[in-house]
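Notes follow the structure.
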Amino acid sequence: MKTSLIVAAHLDDVELGMGGTVLKIKDEDSSHRICVVMVCKGDVPNRVNNDHEKRWKTFNKNMSDMGIEHIYNLDMPSNRLEVVNKNNIINDLDNIIDDTQPDTIYTHNRYDINQDHRIVSEAVRVVARPRVSCPVTSLLEFPITGSTEWNGEAFLPNTVYDVSKYHTDKLKYFRRYDTEIRPSPDPMSVDKIKARDSYYGSIYGMKYAEVFKLIFKKL
């Protein structure tokens, strides 16, 4: 049985970064186990209506609907991960890898403008080093709209998933985060998320695609 581990910083990152891919994996192999690590607690500093309980309910419903097997919550401060001892994040992830024994890990792009994304990505690269003792055979990073593009560093994907069949559901799950949706032309608007996935799809001969940067794959 294959196992994938998704390590995400924030509550909507799984859906935004690879929601269609999760649905595709589960549809094509129902025995494929997918687990999620949610690093941050879901609070949003300086937001007047900081309804993180509502976002957690949305997240949990989405994960259930998407067939996620297990969720690990590290309960760390959102947008303030720089105050956390990085060794604490690394140790927690080490323990989760020991527990889940994943073949593949998906996580954030190392160069996102969001500092939480960068910190999570760097921690994952530490724990997923391809040592003999590490079960991880593949490490991939996904882009997040409005974070990956705005750091001025080109994201050069080398792995693509055809999510045309699952894209309607991906957008449905994102729409449930009504506090996170922004009006067009913001990249966090529904129509621009759709446009981005359509653009990537057009490059690879698909209607909609999600792309990744493969960091390593042990063959």
Side-chain angles (χ1 to χ4, degrees), residues 2 4-29 32 34-37 39 62-63 66-68 102-114 116-118 120-122 124-125 128 136-175 177 180-182 184-219:
K2 292 183 178 180
S4 293
L5 182 67
I6 305 170
V7 185
H10 306 120
L11 290 174
D12 55 0
D13 287 339
V14 175
E15 296 93 328
L16 283 171
M18 55 178 298
T21 299
V22 170
L23 295 171
K24 179 183 180 70
I25 290 172
K26 293 298 293 184
D27 184 40
E28 294 181 351
D29 181 3
H32 191 131
I34 301 179
C35 305
V36 168
V37 180
V39 176
N62 283 352
M63 295 302 100
M66 293 166 71
I68 300 298
D103 309 284
T104 303
I105 293 183
Y106 299 89
T107 194
H108 291 284
N109 172 45
R110 189 178 190 180
Y111 302 105
D112 278 8
I113 198 170
N114 187 288
D116 290 350
H117 295 184
R118 297 196 303 270
V120 168
S121 179
E122 290 170 2
V124 170
R125 288 198 183 206
V136 180
T137 59
S138 300
L139 173 61
L140 300 99
E141 295 179 351
F142 51 76
I144 294 291
T145 181
S147 181
T148 302
E149 305 92 342
W150 279 348
N151 204 30
E153 298 284 343
F155 183 80
L156 302 176
N158 53 19
T159 302
V160 59
Y161 285 78
D162 184 352
V163 297
S164 304
K165 181 179 176 182
Y166 313 98
H167 202 260
T168 298
D169 283 337
K170 170 183 175 171
L171 295 181
K172 176 182 71 176
Y173 297 142
F174 176 65
R175 283 190 179 97
Y177 292 104
E180 309 309 306
I181 298 173
R182 295 179 181 269
S184 185
D186 194 277
M188 284 286 283
S189 60
V190 173
D191 67 318
K192 297 309 177 190
I193 293 168
K194 184 176 180 179
R196 184 196 69 161
D197 293 348
S198 175
Y199 167 73
Y200 281 131
S202 71
I203 296 173
Y204 298 102
M206 306 165 184
K207 187 173 182 180
Y208 296 108
E210 289 177 342
V211 295
F212 301 82
K213 184 188 298 179
L214 178 66
I215 306 305
F216 70 79
K217 183 177 181 64
K218 294 195 287 187
L219 299 173

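Computed over heavy atoms, backbone and side chain alike; hydrogens, waters and symmetry mates excluded.
- Taking each heavy atom of Asp13 and Ala9 in turn, the nearest pair found is OD2-N, 3.6 Å.
- In this structure, the side chains of Val37 and Val39 come closer than 4.5 Å at one or more pairs of heavy atoms.
- Within the structure, the side chain to side chain donor-acceptor pair (under 3.5 Å) test picks out no pair touching residues 151-160 (sequence neighbours left out).
- A distance-only check finds a donor-acceptor pair linking the side chain of Thr137 to the backbone of Asp103 [under 3.5 Å].
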Pair Met66, Glu15 - check side-chain contact (heavy atoms from CB on, under 4.5 Å), show working.
CA-CA 9 Å; Met66 293 166 71; Glu15 296 93 328; 4.2 Å; yes
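- Closest of all the heavy-atom pairs between Val190 and Arg175 is CG1-NH2, 3.3 Å.
- Put simply, the side chain of Ser164 gets close to the backbone of Lys207: a donor and an acceptor are under 3.5 Å apart.
- Taking the six-membered ring for Trp and thresholds of 30 and 60 degrees, His167 and Tyr208 have nearly parallel ring planes, at less than 30 degrees apart.
- In this structure, Phe212 and Phe142 have perpendicular ring planes: the angle between them is above 60°, well past the 30° mark.
- Remark: the backbone N or O of Val120 is not paired with any side-chain donor or acceptor of His108 at under 3.5 angstrom.
- Distance CE/Met63 to OH/Tyr173: 9.0 Å, rounded to 0.5 Å.
- Between Ile113 and Gly146, the shortest heavy-atom contact is CG2-O, 4.2 Å.
- Sorted by first and then second residue, the pairs that involve residues 16-29 and meet salt bridge (charged side-chain N to carboxylate O under 4.0 Å, His left out), not counting sequence neighbours, are Lys24-Glu28, Lys26-Glu69, Asp27-Lys165.
- Under the 3.5 Å distance criterion, the side-chain polar atoms of Tyr200 are left unmatched by any main-chain donor or acceptor of Pro157.
- Atom-to-atom distance recorded for Ile105:CD1 and Leu139:CG is 6.5 Å, nearest 0.5 angstrom.
- A distance-only check finds a donor-acceptor pair linking the side chain of Thr107 to the backbone of Val7 [under 3.5 Å].
- By the 4.5 Å heavy-atom criterion applied to side chains, Val22 and Ile6 are counted as neighbours.
- In this structure, the salt bridge (Lys or Arg N to Asp or Glu O under 4.0 Å) partners of Arg125, at least two apart in sequence or on a different chain, are Glu141.
- Within the 3.5 Å criterion, the main-chain N or O of Asp116 finds a donor-acceptor partner in the side chain of Asn114.
- To the nearest 0.5 Å, the span separating CG on Leu23 from NZ on Lys170 amounts to 10.0 Å.
- Side chain of Ser202 to backbone of Tyr199: a donor-acceptor contact under 3.5 angstrom is found.
- With rounding to the nearest 0.5 angstrom, the OH atom of Tyr106 is 9.5 Å from the CG atom of Leu214.
- Residues Leu16 and Glu180 form no side-chain contact, since every pair of their non-hydrogen atoms from C-beta on lies 4.5 Å or further apart.
- Under the 4.5 Å side-chain criterion, counting only non-hydrogen atoms from C-beta, Thr104 is in contact with Ser4.
- Once rounded to the nearest 0.5 Å, the distance linking CE of Met188 with OG of Ser147 reads 9.5 Å.
- Inter-residue side-chain proximity for Phe216 and Val136 is flagged as met; some heavy-atom pair is nearer than 4.5 Å.
- Counting only distance, with no hydrogens or angles, the side chain of Ser184 and the backbone of Asp191 share no donor-acceptor pair below 3.5 Å.
- Side-chain atoms of Thr145 come within 3.5 Å of backbone N or O of Pro187 as a donor-acceptor pair.
- The two residues Gly20 and Val163 come nearest to each other via the heavy atoms C-CG1, 3.5 Å.
- Expressed to the nearest 0.5 Å, how far CE of Met206 lies from CG of Asp162 amounts to 4.5 Å.
- Of the possible polar contacts, one joining the Glu210 side chain to the Thr21 backbone as a donor-acceptor pair under 3.5 Å is found.
- Two residues are said to be in side-chain contact when any heavy atoms from C-beta on lie closer than 4.5 Å; Ile144 and His10 fail this criterion.
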